[in-house]
Amino acid sequence: MQDYWSPRRLNHHTEATVADYALHEGLRLALQEGLNSRFSRHLKIHRALNDGLTAMGLSIYHAGDHEMPMVTCVQIPEDLDGDAFRAKLLRNFGVEISSSFGSLQGKIWRIGTMGYSAQKGFITNFVALFGAALLQSGISVDLKAGLDAVEAAFTTPKQTLKTLEV
């Protein structure tokens with residue numbers, strides 16, 4: 001792949017050039033924002049989402065242990081068919097979340113907050129729609145507390161990360 005972008009323009013197979021251009025653009029945007037700024041933004045979004053989901057009464061899978069700031073794993077409430085809920089969330093609200101696989105299939109959902117989607121407005125809207133869909137599915141959540149927690153995450157002092165050597 002590196003040689004494809006070099007002056008040699010070498011490619012030993014037919015690749016999806018659109019994917020190459022998408023990767024190039026994504027990397028360009030990340031570098032334009034600055035890696036430390038980007039990492040801090042993802043961490044703040046992750047914490048806001050986790051705070052919102054926890055305040056609603058949901059459980060974050062292994063909170064504080066093996067978390068990634070780009071994916072939040074939330075335990076599926078008991079007595080709820082996780083796949084049917086995901087389908088309803090997508091159909092009724094246009095929101096897609098992932099299931100899991102292996103030993104966690106049917107036990108957790110994975111909620112991605114990466115790149116462009118890692119913004120306050122998107123997280124606030126997600127929590128509102130996700131909470132509404134849970135309520136419609138008969139799961140008791142405190143939606144107001146969830147939205148208040150998301151808002152509070154953005155009004156508290158900025159989280160900091162160690163400076164990374166890049």
Side-chain angles (χ1 to χ4, degrees), residues 1-2 19-78 80 82-83 85-87 89-90 93-135 139 141-166:
M1 296 305 279
Q2 194 74 1
D20 290 340
Y21 285 108
L23 175 61
H24 182 267
E25 181 65 8
L27 293 172
R28 185 189 69 75
L29 291 170
L31 293 174
Q32 180 181 16
E33 180 179 359
L35 294 181
N36 285 323
S37 295
R38 192 171 191 89
F39 298 154
S40 292
R41 177 171 56 88
H42 278 87
L43 184 59
K44 185 171 225 45
I45 292 295
H46 175 70
R47 289 183 177 155
L49 177 59
N50 283 12
D51 290 353
L53 295 174
T54 301
M56 285 196 312
L58 300 171
S59 298
I60 305 301
Y61 181 74
H62 280 283
D65 180 36
H66 302 97
E67 288 184 75
M68 297 178 293
M70 297 77 56
V71 178
T72 292
C73 297
V74 61
Q75 293 180 352
I76 299 171
E78 290 195 30
L80 183 66
D83 289 334
F85 175 82
R86 285 185 331 106
L89 185 65
L90 180 59
F93 295 97
V95 174
E96 186 169 18
I97 60 174
S98 298
S99 62
S100 195
F101 41 87
S103 63
L104 294 175
Q105 188 167 6
K107 296 178 182 176
I108 66 169
W109 291 308
R110 295 174 298 132
I111 303 166
T113 51
M114 300 170 234
Y116 185 76
S117 71
Q119 296 182 43
K120 178 185 177 184
F122 291 145
I123 293 306
T124 303
N125 288 340
F126 172 80
V127 168
L129 295 173
F130 189 66
L134 286 167
L135 288 168
I139 302 300
V141 294
D142 188 341
L143 183 50
K144 182 182 180 327
L147 291 169
D148 289 346
V150 170
E151 184 61 30
F154 290 101
T155 56
T156 56
K158 185 177 180 179
Q159 304 287 341
T160 59
L161 291 175
K162 292 180 184 176
T163 303
L164 300 172
E165 296 296 325
V166 182

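One is the number of the first residue; the rest follow in order along the sequence.
Between the side chain of His42 and the backbone N or O of Arg38, at least one donor-acceptor pair lies under 3.5 Å. Side-chain atoms of Thr54 do not come within 3.5 Å of backbone N or O of Asp51 as any donor-acceptor pair. Although no hydrogens or angles enter the test, the distance criterion places a donor-acceptor pair under 3.5 Å between the side chain of Arg41 and the main chain of Gly115. A donor-acceptor pair is defined here as one N or O able to donate and one able to accept, closer than 3.5 Å; no such pair exists between the side chain of Lys44 and the backbone of Phe154.
The closest side-chain donor-acceptor pair between Thr113 and His46, if any, does not fall under 3.5 angstrom.
Between the CE atom of Met70 and the CG atom of Leu43 there is a distance of 10.0 Å, given to the nearest 0.5 Å. One finds the OG atom of Ser40 at 9.5 Å from the CD atom of Glu33 (value rounded to the nearest 0.5 Å). Atom CG of Asn50 sits about 8.5 Å away from atom CD1 of Ile111, to the nearest 0.5 Å. The CD atom of Gln105 sits 7.0 Å away from atom CG of Asp83, with the distance rounded to the nearest 0.5 Å. Interatomic distance, CD of Glu25 versus CG of Leu23, reported as 10.5 Å (0.5 Å rounding).
Nearest heavy-atom pair, Ala55 versus Ala145, reported as atom, atom and distance to 0.1 Å: CB-O, 3.4 Å. Scanning both residues, Ser117 and Gly112, for their nearest heavy atoms gives OG-O, 4.3 Å. The two residues Pro77 and Leu58 make their nearest non-hydrogen contact at CG-CD2, 3.9 Å. Smallest separation of non-hydrogen atoms from Ser100 and Ile108: CB-CG1, 3.6 Å. For Ile123 against Val150, the heavy-atom pair with the smallest separation is CG2-CG1, 4.1 Å. Phe93 and Ala132 make their closest contact through CZ-CB, 4.3 Å (heavy atoms, listed as atom of the first residue, atom of the second, distance).
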Self-check item: Worked check of side-chain contact (heavy atoms from CB on, under 4.5 Å) between Leu104 and Tyr61
Solution: CA-CA 10 Å; Leu104 294 175; Tyr61 181 74; 3.3 Å; yes

Quiz item: Would Phe130 and Leu53 count as a side-chain contact (heavy atoms from CB on, under 4.5 Å) if you check the C-alpha gap in whole Å, the side-chain angles of each, and the deciding distance to 0.1 Å?
Solution: CA-CA 9 Å; Phe130 189 66; Leu53 295 174; 3.7 Å; yes

Exercise. Begin with the C-alpha distance, continue with both residues' side-chain angles, and end with the deciding distance and a verdict on side-chain contact (heavy atoms from CB on, under 4.5 Å) for Met56 and Leu143.
Key: CA-CA 6 Å; Met56 285 196 312; Leu143 183 50; 3.8 Å; yes

Quiz item: Given Leu80 and Leu134, is the side-chain contact (heavy atoms from CB on, under 4.5 Å) satisfied, shown in steps?
Solution: CA-CA 9 Å; Leu80 183 66; Leu134 286 167; 4.0 Å; yes

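Residues passing the salt bridge (charged side-chain N to carboxylate O under 4.0 Å, His left out) test with Glu78: none are found, sequence neighbours excluded.
Under the salt bridge (Lys or Arg N to Asp or Glu O under 4.0 Å) criterion, the residue pairs touching residues 108-122 are Lys120-Glu151, with sequence neighbours excluded.
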